[in-house]
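Numbered from 1 within each chain, the chains take letters A, B, ... in sequence-line order.
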There are 2 protein chains.
Amino acid sequence: MMIERALTRATYLSGRARQHERLMALSGLPLDRAAVAVLRQLAESEPLRLGELAARLSVEASHVTRQVQHLERVGYASRVPDPDDRRAQQVRLTPAGEEAFARVREASARGMQVALADWSPEELRQLASLVHRMVDDFIGRAEAEL
Amino acid sequence: MMIERALTRATYLSGRARQHERLMALSGLPLDRAAVAVLRQLAESEPLRLGELAARLSVEASHVTRQVQHLERVGYASRVPDPDDRRAQQVRLTPAGEEAFARVREASARGMQVALADWSPEELRQLASLVHRMVDDFIGRAEAEL
DNA sequence: CGGCTTACTTGAGTTAGGCAAGCATGTAGG
DNA sequence: CCTACATGCTTGCCTAACTCAAGTAAGCCG
C-alpha cells in the first residue's frame, strides 16, 4: 500500500511551522496556525455553533473557545446567541474576517501555483477530487467508529 | 484552485492528536508523533547524520537531538560516530527499531484500507502517485528558494 | 597557531490541543 | 413543577512539539 507513505510524507511536511510562516509572510497577516484553521472553517460554511465548529475541525470545544475569543479580539469573528438554544452561540466572520481569509487563501493558492506550475489542469482537478473524496472517507470512518 | 482547499482539509485533519492515538492503539506501541516521524525517516533511508535527518524532516536540529535520544533510550535507534567527520554522528535503526516501524506502517496501512475500502486499485494507485509527485514538487520549490 | 565555520547539545520559551471541573440552560420522568 | 441527568460553553492546568539562543567540540583556512 504505497499510498500510506505518500500521505504520511504529505501531511508531515505540511504541518511544519515553517510552511505556516511562509504563508503568513505572503499574506501579510499575523495569525497563528490554529486561528487560520478556524477562520477557514468559518469562511467555508454558514455561521456555526461553537460545538459544531469543534466537531468539524475534530478538536475539543475548549480549544475552539479560545481560538474564537482570539479572532473576536482581532475583529475577525463575532458571536450572536443562538435563537433556538440559549446555551449556545453562533459564530460568524465579520467583513474584516472574510477579507483576511480571502488573503490567506490567495497567498496559499499562489504558493501552490508556483510549486505545481507544470501540472496540467486535468491533473490538478484529479488530485483535488481524489483528495477530497479521501478526506470524506476518513471522516466517515471516524464517525462510524463511535 | 480547489486543490488548495482539499489539501488544507487533509493536512489539518491528519495532524490531529486523535489520529495518532488511533494509530498507536492499533500498533500497540507507546511512541509519540514526533518519534514516529523520525522512526519513519530513518527506516526509509540509509543511516543519516543528525543534521541531514533534521533537514529531511524540515525541523531544527535541536528537536532531532532530543527525539533521537528518546529513540535510543527505548532501544530503537543507535548512533555511531561518523568516520569522516568526528563532529558528526550517524543514526541508524536497531533491529527492534525496524520491527517497530514495520508495525507502525502495518497499522497505518490497515487503517487506510478500512477507510478506503471501496476505492478501486486503480484509483488508489493514482492518488498515491499524484500525491508523491506533489510532495516532490513542494520540496523542490522549498529548496529552490534558498 | 588564531579565527571562522559546522555539528551537535542544552536550556528556556511558545503554541496547539487535550482533559477535568464548573456553570447555565435544556429536557424527561414521576 | 421538581428533581435528575444531559448539553454547550468556559476556565484552569498539563503535555507535546517545536523554535531560538547560547555553549562546546571538532574541522578548516590563512
Side-chain angles (χ1 to χ4, degrees), chain A residues 11-25 30-41 47-74 77-91, chain B residues 11-25 30-41 47-74 77-91:
Chain A
T11 58
Y12 188 75
L13 179 71
S14 63
R16 295 287 56 61
R18 287 171 178 184
Q19 292 296 94
H20 178 74
E21 273 153 32
R22 182 197 303 279
L23 179 58
M24 288 302 98
L31 291 171
D32 46 31
R33 264 174 297 163
V36 171
V38 174
L39 193 68
R40 185 180 299 269
Q41 182 60 54
L48 288 178
R49 300 169 44 150
L50 254 151
E52 180 60 21
L53 187 48
R56 297 220 193 163
L57 293 170
S58 296
V59 296
E60 295 294 309
S62 59
H63 176 58
V64 174
T65 294
R66 278 181 276 252
Q67 290 307 322
V68 169
Q69 285 167 346
H70 178 70
L71 289 178
E72 274 187 294
R73 275 196 299 277
V74 298
S78 70
R79 300 198 229 197
V80 287
D82 185 322
D84 300 339
D85 186 340
R86 276 185 307 168
R87 291 168 300 178
Q89 321 245 328
Q90 284 188 349
V91 190
Chain B
T11 58
Y12 187 74
L13 179 70
S14 64
R16 298 285 57 63
R18 289 172 177 180
Q19 292 296 97
H20 178 74
E21 273 153 32
R22 182 196 304 280
L23 178 59
M24 288 303 98
L31 291 171
D32 47 30
R33 265 174 295 161
V36 171
V38 173
L39 193 68
R40 184 180 301 268
Q41 182 59 55
L48 288 177
R49 299 169 45 152
L50 252 152
E52 180 60 20
L53 186 48
R56 297 219 193 165
L57 294 170
S58 296
V59 296
E60 296 293 311
S62 58
H63 176 57
V64 174
T65 293
R66 278 179 274 252
Q67 291 306 322
V68 169
Q69 285 167 347
H70 178 69
L71 289 178
E72 274 187 294
R73 274 196 299 277
V74 297
S78 70
R79 299 199 231 197
V80 287
D82 184 323
D84 300 338
D85 186 340
R86 275 186 306 169
R87 292 169 301 181
Q89 322 244 327
Q90 284 187 349
V91 190

Nearest-angstrom distance from the residue atom NE2 of His70(B) to P of dT9(C)
16 Å
Any N/O donor-acceptor pair, Arg33(B) side-chain to dG18(C) base, under 3.5 Å
no
In short, Ala54(B) meets Ala61(B) closest at the heavy-atom pair CB-CA, 3.8 Å
Closest non-hydrogen atom pair, Thr65(A) against Leu50(A)
N-CD2, 3.8 Å
Output the rounded distance in Å from CD (Gln90(B)) to P (dA7(C)).
13 Å
What is the distance, to the nearest angstrom, from the CD atom on Gln89(A) to the P atom on dA24(C)?
14 Å
For DNA chain D, determine which residues of residues 51-65 of chain B have any heavy atom closer than 4.0 angstrom to one of its atoms, and list them numerically.
Val59(B), Glu60(B), Ser62(B), His63(B)
Check Leu31(A) against Met24(A) and note the closest heavy-atom contact, atom names and distance.
O-SD, 3.2 Å
Whole-Å gap separating P (dT9(C)) and CZ (Arg73(B)):
12 Å
Closest non-hydrogen contact found for Tyr12(B) with Leu57(A) is CE2-O, 3.5 Å
Give the rounded distance in Å between these two atoms: CG of Asp32(B) and C1' of dG18(C).
15 Å
Would you name the heavy atoms of Leu48(B) and Arg56(B) that are closest together and state the gap between them?
CD2-NH2, 3.6 Å
Euclidean distance, atom CG of residue Leu13(B) to atom C1' of dA16(C) [Å, nearest integer]:
16 Å
Nearest atoms (heavy-atom pairs only) where His70(B) meets Ala35(B)
CD2-CB, 4.3 Å
Residues at least two apart in sequence or cross-chain that pass salt bridge (charged side-chain N to carboxylate O under 4.0 Å, His left out) with Arg87(B), listed by chain then number, are Asp85(B)
Nearest 0.5 angstrom please: Glu52(B) CD to Gln90(B) CD, how far?
11.0 Å
Distance, rounded to the nearest Å, where Met24(A) contributes CE and dT19(D) contributes P
17 Å
Taking N or O atoms only and anything under 3.5 Å, show me the protein contacts with nucleotides 26-29 of chain D, one pair per line.
| residue | atom | partner | partner atom | Å |
| --- | --- | --- | --- | --- |
| dG27(D) | OP1 | Arg86(B) | N | 3.1 |
| dG27(D) | OP1 | Arg86(B) | NE | 3.0 |
| dG27(D) | OP2 | Arg86(B) | NE | 3.4 |
| dG27(D) | OP2 | Arg86(B) | NH2 | 2.5 |

Nearest heavy atom decides the nucleotide; on that basis, is Glu21(A) or Arg79(A) closer to the 5' end of DNA chain D?
Arg79(A)
Would you mind reading off the distance between Gln41(A) atom CD and dA16(C) atom P, rounded to a whole angstrom?
17 Å
Residue met sooner reading DNA chain C from 5', once Arg49(B) and Gln69(B) are mapped to nucleotides:
Arg49(B)
When rounded to the nearest 0.5 angstrom, what is the spacing between NE2 in His20(A) and CG in Asp32(A)?
6.0 Å
